[in-house]
Amino acid sequence: MEEQTLLRLQGAVENIVYRNDENGYTVLEISDGEDYITAVGSMPQVSAGDSVTLIGTFTNHRSYGRQFSVRSCEVERPSQAADILRYLSSGAVRGIGPSTAKKLVDEFRDQTLDVMENEPERVARIRGITIKKALEFSEQLKANAGIRALMLYLGEYGISNNSAVKIFNVYGAGSVDQIKQNPYILCEPDFTVSFESADMIAKKESFEPDNELRLRAGLVYVLKHNHGNGHTCLPGDLLVGATARFLNVSTEALEECLGRMVFDRSLIAESIDSRTFVFTPKMYDIELNSASRIKLMLSFPADKISRLDDAIEACESELGIEYAELQKKAIITALTNGITVLTGGPGTGKTTTLNAIISILNNRGHKVLLAAPTGRAAQRMSEVTGFEAKTLHRLLEVSWDKRDNPVFGKNERNQLKCDALIVDEVSMVDSAIFDSLTRALPLGCRLILVGDSDQLPSVGAGNVLGDLTASGAVPVIRLNEIFRQAQESLIITNAHRIVKGESPLLKETDRDFFFITRYDKSEVTKVITDLCVKRLPDFYGYSVFENIQVLCPSKKGELGTAELNHRLQSRLNPKSDDKAEVTIGSHVFRVGDKVMQIKNNYDIRWEKENGEQGDGIFNGDIGIIKSIDRKSRSLLIAFYDKTARLSFEAAADLDFAYAVTVHKSQGNEFDAVIIPMFPGPPQLYYRNLLYTAVTRAKKTLILVGDPRTVDMMVKNDRRTKRYSALKEFLTRK
């Protein structure tokens with residue numbers, strides 16, 4: 001059991017057992033004069049021979065025994081010749097081994113490190129050391145000193161060593177001075193430092209509340225924070241008001257500051273519908289470029305395909321079907337225009353229409369590429385079309401820069417080689433990935449975008465599908481006829497009733513849609529647990545690990561994902577002596593747990609059964625923990641179509657996935673879906689969300705709870721307002 005009191009441990013580093021150079025995570029042995037102690041934590045630039053002061057707590061590790069878990073680390077550079085020799089011999093400075101270390105210490109004794117750092121020309125006089133090498137040694141020592149100083153400085157404000165490493169990689173040896181001059185540089189998303197922490201430093205450095213740097217940073221922070229809420233821009237008055245409340249300053253001061261930022265292009269302002277909207281330059285460029293590329297593609301459309309009526313008849317004859325008039329219109333529109341949006345709910349024939357489009361294009365010798373936003377959506381697209389579909393990231397050949405920002409190999413200078421691109425689940429596509437996609441499309445390429453405009457919008461910023469369909473700039477075909485076979489599914493029937501604002505049929509129990517009435521939260525929980533553990537597995541042969549998914553409107557509360565995951569784990573994968581487990585943050589993960597990645601991590605390496613390898617596990621990916629390796633401090637996880645090994649540090653971005661929010665389920669379909677229905681806040685319980693949840697179920701859907709909640713959600717036609725500008729930019733002359 002971890003002790004709660006923070007302890008101070010001082011001693012000399014005897015040995016570096018393990019180090020992750022990317023995030024500084026280190027396992028080392030320290031001597032306190034009497035014994036060797038194993039210490040673990042983020043300790044970059046610590047080397048054998050260093051004298052350190054560690055702040056942390058003792059823990060008892062199941063496999064490795066008693067360890068010191070480090071919260072902060074202060075390092076004193078060795079000052080005695082013997083300690084310096086040991087320090088340099090350990091490889092602390094690249095290019096110096098035991099032999100060179102002995103030469104240096106024999107020459108400069110206790111002054112060795114000072115001479116190496118500040119007088120490299122003297123070091124270059126030693127036989128075998130060039131001036132170039134001496135300068136490299138000097139730079140390394142300065143860097144080591146710089147990051148230690150930075151960690152010490154930031155540690156006073158509770159900022160982690162991991163963040164310090166990221167900051168140092170950008171600002172280098174002068175990081176502390178840069179931060180003192182402007183603490184708000186820490187608010188870059190890559191650094192994972194809160195605005196409040198930066199504000200704390202600014203206050204310590206005597207910044208006034210209305211300091212220009214603070215006002216500027218506050219405006220940018222509020223804008224970027226709202227990217228996370230789906231907005232690509234904000235009305236100027238809302239931005240100023242929200243920032244004034246956040247910073248506790250006057251709106252007048254912020255209005256003046258905003259004017260200066262717009263003047264120097266730190267922020268961009270545009271008049272839309274007689275109202276001023278404000279963008280970050282990056283988001284402005286993303287939406288403006290997307291619109292420009294779409295307009296360009298419309299000006300240089302793909303070649304029209306002749307004799308389409310004959311081609312459609314040939315498809316009908318080959319497949320033994322007859323297309324509805326609206327389906328024929330969709331096929332003709334897609335094959336006579338450069339860009340087409342095809343939208344419609346479940347059972348309206350989108351897949352059949354899509355297959356006809358692909359068949360005709362292939363028969364005419366056109367190269368067709370298929371893509372979707374997520375791995376599961378791409379896999380499903382492959383299954384229903386019979387052709388390979390890739391994720392958008394894979395299609396665009398993603399890689400990542402040093403700050404973990406995506407960089408696409410396919411772009412305006414190296415475009416996709418295809419005659420047509422079909423993208424499914426476009427409602428999930430945000431503005432940034434759509435911009436990257438349009439850059440990679442050659443002129444004359446046909447673009448067909450398929451999605452359901454009644455589903456929830458993308459998790460990322462933007463309203464791509466909504467803006468495209470509302471703009472009138474591109475042809476849009478809405479399939480709205482439910483075909484006879486689909487009418488036999490109560491899931492599909494009720495989904496369309498929900499969209500129309502009609503209450504779903506809850507009393508029919510002989511098909512694929514079921515409602516179990518319960519008016520007590522604990523009873524709802526009990527029914528959901530029993531369905532997952534026994535009733536659905538016994539009756540249908542379903543498994544919660546492969547077929548069943550619980551979807552919740554909210555994370556919080558007795559019927560939120562957090563509590564239901566806890567209860568489901570205890571029933572489905574209880575603690576056992578023969579199952580390894582590990583505590584990471586507030587979660588106790590064990591072998592066999594169903595988990596979900598909740599943040600994009602572009603560094604994780606994955607492998608498929610066919611030997612294909614790549615990088616990147618994404619927000620919403622679901623998998624099963626196959627093993628936990630304490631020696632390498634990692635978990636092996638089998639995701640939907642690949643396996644990946646995550647370090648314990650990376651596993652901090654995992655959550656349980658027995659129950660997930662409806663938002664996190666986008667792009668996925670499940671054989672059986674269970675949804676708790678109990679009264680909640682209107683901002684979380686609305687028609688659009690209920691419809692999205694219902695349409696995640698392929699074979700069986702079960703609602704459990706209060707039927708009045710269903711009626712309330714159907715009547716609440718609240719659509720989350722998204723501020724975006726793609727529609728505006730598309731319609732401008």
Side-chain angles (χ1 to χ4, degrees), residues 1-2 62 518 521-538 540-599 617 619-630 633-640 643-665 668 670-676 678 693 696 702 704-705:
M1 190 78 177
E2 185 175 327
R62 187 184 218 176
R518 294 291 186 274
K521 287 184 180 180
S522 61
E523 282 295 310
V524 174
T525 300
K526 183 179 184 300
V527 170
I528 290 174
T529 305
D530 288 345
L531 284 167
C532 291
V533 175
K534 184 169 178 59
R535 292 165 67 176
L536 286 176
D538 287 354
Y540 292 102
Y542 291 155
S543 161
V544 77
F545 300 100
E546 297 178 5
N547 314 98
I548 304 169
Q549 187 59 60
V550 179
L551 300 182
C552 305
S554 173
K555 296 178 184 178
K556 300 178 181 178
E558 190 174 338
L559 296 175
T561 57
E563 182 61 26
L564 284 175
N565 272 319
H566 172 71
R567 291 179 178 272
L568 288 168
Q569 185 202 32
S570 66
R571 288 287 303 276
L572 291 159
N573 193 30
K575 184 179 180 66
S576 170
D577 290 339
D578 60 357
K579 284 185 182 177
E581 65 178 46
V582 61
T583 300
I584 298 175
S586 60
H587 295 108
V588 179
F589 293 119
R590 60 181 63 104
V591 171
D593 273 333
K594 184 178 181 180
V595 293
M596 172 182 277
Q597 181 77 12
I598 59 173
K599 289 182 182 177
I617 299 297
N619 187 353
D621 285 350
I622 294 175
I624 306 295
I625 298 176
K626 293 298 182 181
S627 66
I628 297 174
D629 187 341
R630 294 187 176 279
R633 296 181 58 81
S634 65
L635 300 83
L636 182 67
I637 300 179
F639 289 97
Y640 180 66
T643 58
R645 187 167 290 281
L646 279 67
S647 69
F648 285 177
E649 291 71 40
D653 292 332
L654 289 176
D655 198 355
F656 293 113
Y658 301 101
V660 303
T661 63
V662 178
H663 283 86
K664 290 288 188 184
S665 73
N668 291 325
F670 312 95
D671 287 333
V673 168
I674 305 168
I675 310 172
F678 217 80
R696 298 308 87 204
I702 304 175
V704 184

*Euclidean distance, Leu646 CG relative to Ser634 OG, rounded to 0.5 Å*: 8.5 Å
*asked:* To the nearest 0.5 Å, what is the distance between OG on Ser543 and CD1 on Ile624?
replied: 7.5 Å
*Hey, does the side chain of Gln569 reach the backbone of Arg590 with a donor-acceptor pair shorter than 3.5 angstrom?*
no
*Nearest heavy atoms of Gln597 and Leu654, plus distance in Å*: OE1-CD2, 3.4 Å
*So do the side chains of Ile637 and Val595 get within less than 4.5 Å of each other, counting heavy atoms only?*
yes
*Taking every non-hydrogen atom, the tightest pair across Pro676 and Val550*: CD-CG1, 4.4 Å
*asked:* Suppose we screen for ring pair (Phe, Tyr, Trp, His ring centres under 6.0 Å). Which residues come up paired with Phe656, at least two apart in sequence or across chains?
replied: His587, Phe589
*Within the side chain of Lys594, is there an N or O that forms a donor-acceptor pair under 3.5 Å with the backbone of Val544?*
yes
_Between Asn565 and Tyr658 (side chain of the first, backbone of the second, donor and acceptor by atom type, cut-off under 3.5 Å), is there such a pair?_
yes
*Kindly say whether Asn668 contributes a backbone atom to a donor-acceptor pair with the side chain of Arg696 at under 3.5 angstrom?*
yes
*Are side-chain heavy atoms of Leu531 and Val704 found at a separation under 4.5 Å?*
yes
*Indicate yes or no for a side-chain donor-acceptor contact from Glu649 to the backbone of Arg633 under 3.5 Å, with no hydrogens or angles considered.*
no
*Separation of Lys534 NZ from Arg571 CZ (nearest 0.5 Å)*: 10.0 Å
*Mind listing the closest non-hydrogen atom pair of Asn547 and Gly541 along with its distance?*
OD1-O, 4.3 Å
*Look up atom CD1 in Ile674 and atom CZ in Arg535, then write down how far apart they are to the nearest 0.5 Å.*
9.5 Å
*If you take all heavy atoms of Ile584 and Ala651, which pair is closest and at what distance?*
CD1-CB, 3.5 Å
*How close do Thr525 and Glu558 get, heavy atom to heavy atom, and via which atoms?*
OG1-O, 4.0 Å
*asked:* Tell me the closest heavy-atom pair linking Ala659 and Cys552, and the distance in Å.
replied: CB-SG, 4.2 Å
*Does a side-chain heavy-atom distance below 4.5 Å link Asp653 with Ile617?*
no
*Do Ile548 and Phe670 have side-chain heavy atoms sitting under 4.5 Å apart?*
no
*Distance from Asp629 atom CG to Arg645 atom CZ, nearest 0.5 Å?*
5.5 Å
*Please step through side chain to side chain contact (heavy atoms under 4.5 Å, CB included) for the pair Gln549 and Ile622, ending with a clear verdict.*
CA-CA 11 Å; Gln549 187 59 60; Ile622 294 175; 4.1 Å; yes
_Once rounded to the nearest 0.5 Å, what's the spacing between atom CE of Met596 and atom OG1 of Thr661?_
7.0 Å
